[in-house]
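Before any comments, here is the structure.
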Amino acid sequence: MMATNVSGIIDSTNDVDLSIDFAGIKAPNPFWLASAPPTDKAYNVERAFAAGWGGVVWKTLGEDPPAVNVSSRYSALYGRNRQVMGLNNIELITDRSLELNLREIERVKRNWPDRALIISLMVPCVEEAWRTILPLIEATGADGIELNLGCPHGMPERGMGAAVGQNPDLVEQVARWCKQYYSKPVIVKLTPNITDIRAPARAALRGGADAVSLINTINSITSLDLDRMVAHPIVGGRSTHGGYCGEAVKPIALNMVAEIGRDPATQGLPISGIGGISSWRDAAEFIALGAGSVQVCTAAMLHGFRIVEEMKDGLARWMGEHGYARIGDFSGRALANTTDWKYLDMNYVSIAHIDQDKCIQCGRCHIACEDTSHQAIAHYRLDDGTRRYEVKAADCVGCNLCQITCPVEGCIDMVAVETGRPYMNWTQDPRNPHREVQEPAAAM
Ligand SMILES: Cc1cc2nc3c(=O)[nH]c(=O)nc-3n(C[C@H](O)[C@H](O)[C@H](O)COP(=O)(O)O)c2cc1C
């Protein structure tokens, strides 16, 4: 029996059930480790499960002989305090034999029957290769497979990874082979290195895939050694582009998840959200935009397996506070409010408001607005030598730049202005010569 208070809010995190059934794959919570070094062997995966992860996608397996990696392999984009904002890697798929991986997977699944164990796979784009490997995968007892059609370095040169994921016909074909030669759920992992993410998602669905996961890494060069005139990471004296991940890619991943979630052609297709997830809030955002599970790689690589504790606690607490008893209660809830630009209300007006008690008179908002925006923040020097910044309401266009530059959280708010004007989007705007007048309800 769920405890609710008068307003219907669930009182306790005890009443929140984090368990999921993702495309037929069950897990005690939606937090899975993505296919990468944290999931490359039994030693890692068993400690991850002990720490509380709900599932893992085992580091991508391929045909023998195993891949040979280079050193070094990683580079990073740092924030001011050396916080890693983005990680770039040039690793390939597993560098251990297929037989060793399969033996370990079978053992781990037997020891941890309640956790989701998914095997990531990448073999050449020919039917025989899939027909050969899939029975071996099935025999491990793992819960499903994830097709790595997204690795952006090393593997595309061999006709695999992103070379397949960037071609919707091949995506469809490979998904079809997998559904033919494998009986459990098939997840297609998508590459973000493509113009329209909906095309491979639709292709995966046409091929019979049970779900998609995204994103894999984004083509990147993070930085150069300007003395040696070579990019990082440096292998001998040379470098190559790698795959970008970590917090910096979250906005790109969120948008792509939303694109698929909003696409009528892929309605109902389960999505596993990946890309820059490092907190419960990140996870909640992916779920609100339609994800049914989330996968984490960089945050675990930087901070260790125990970050899942905060993720689970934080998500359960937030869900309890908002009256969501299960993940499905809010999965996709934000999609209805995510629309095309042309349906935004052109009559909605908000302007900046500076809380003078919180203002530290640094002047950043003034400089940003004065030099590069709309000259809407007045600057006064008072008799006592202090400064004061005030928004000129008539000139403020509500762009948010001052709020973004302000170093004090909560000092600048965007406040809605009552105009009395009704909702009007661009398709209804009399100034738009191409308008296709629609009722607001239909337009949304
Ligand atoms: C070192 C490294 C190795 C990776 N190896 C694989 C891999 O073998 N297969 C795969 O599908 N994705 C691989 N990825 C991509 C991750 O699974 C994930 O899609 C990506 O890192 C985005 O998530 P994140 O921002 O949480 O790291 C790798 C990522 C990193 C950093």
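In each ligand, atom 1 is the first atom listed, and ligand 1 is the first ligand listed. What's counted below: heavy atoms across the whole structure, side chains too, no hydrogens, waters or symmetry copies. Along the sequence shown, the residues carry numbers beginning at 1.
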Taking both backbone and side-chain atoms of E91, is any N or O found less than 3.5 Å from an N or O belonging to ligand 1? no
What's the shortest distance from atom 30 (C) of ligand 1 to any protein heavy atom, and which residue and atom give it? N89 ND2, 3.3 Å
Can you confirm, on distance only, whether ligand 1 has an N/O atom lying under 3.5 Å from any N/O atom belonging to T217? no
Which heavy-atom pair separates G237 from R228 by the least distance, and what is that distance? CA-NH2, 4.3 Å
Any heavy atom of T298 under 4.0 Å from ligand 1? The part involved is both
Please report the shortest heavy-atom distance between I218 and P192, naming the atom on each side. CG1-CG, 3.6 Å
Closest non-hydrogen contact found for A253 with F286 is CB-CZ, 3.7 Å
Please list, in number order, the atoms of ligand 1 under 4.0 Å from a heavy atom of A34. 17 (O)
Option whose closest heavy atom lies nearest to atom 23 (O) of ligand 1, chosen from I90, V296, I274, T191: I274
Using a plain distance cutoff, I'd like to know if G246 has any nitrogen or oxygen under 3.5 Å from a nitrogen or oxygen of ligand 1. yes
Verify whether the ring centers belonging to Y343 and W426 lie closer than 6.0 Å. no
Do D345 and N425 come close enough that some side-chain heavy atom pair is under 4.5 Å? no
Show the nearest heavy-atom pair for residues E63 and V123, with the distance to one decimal. CG-CG1, 3.8 Å
So, 4.0 Å and heavy atoms of A299: is ligand 1 close enough to count as a contact? no
Atom 21 (O) of ligand 1 [closest protein heavy-atom partner, distance rounded to 0.1 Å]: C245 CB, 3.2 Å
Out of G242, S35, S213, the nearest non-hydrogen contact to atom 17 (O) of ligand 1 is supplied by S35
Any nitrogen or oxygen of C297, side chain or backbone, less than 3.5 Å from one on ligand 1? yes
Pair T191-Q166, side-chain contact (heavy atoms from CB on, under 4.5 Å): steps then yes or no: CA-CA 7 Å; T191 174; Q166 287 165 338; 4.0 Å; yes
Can you list the atoms of ligand 1 that are under 4.0 Å from a heavy atom of G275? 23 (O), 25 (O)
protein heavy-atom neighbour closest to atom 9 (N) of ligand 1 works out as T60 OG1, 2.6 Å
Looking only at heavy atoms, is any part of N216 under 4.0 Å from ligand 1, and if so is it the side chain, the backbone, or both, or is it neither? both
Is there side-chain contact between D210 and V188, with at least one heavy-atom pair below 4.5 Å? no
Ligand-residue contact atoms, ligand 1 with Y74, heavy atoms, under 4.0 Å: 1 (C)
Over 12 foreign heavy atoms within 6.0 Å of NE2, H353: no
Hey, is ligand 1 close enough to I215 that some N/O pair sits below 3.5 Å? yes
Only heavy atoms of P37, strictly under 4.0 Å: list the atoms of ligand 1 that pass. 1 (C), 2 (C), 3 (C)
Looking only at non-hydrogen atoms, find the nearest pair between A116 and F49 and report the distance. O-CZ, 3.8 Å
Looking at ligand 1, does any of its N/O atoms fall within less than 3.5 Å of an N/O of A36? no
K189 N/O under 3.5 Å from ligand 1 N/O: yes
Is it the case that the ring center of Y324 lies less than 6.0 angstrom away from the ring center of W318? yes
How about L121 and L134: do any of their side-chain heavy atoms sit closer than 4.5 Å? yes
Among E146, K59, E247, which one puts a heavy atom closest to atom 5 (N) of ligand 1? K59
At less than 4.0 angstrom from any non-hydrogen atom of G276, what atoms of ligand 1 do you find? 24 (P), 25 (O), 26 (O)
List the steps, then state whether side-chain contact (heavy atoms from CB on, under 4.5 Å) holds for Q180 with E127. CA-CA 10 Å; Q180 194 177 342; E127 186 171 1; 4.2 Å; yes
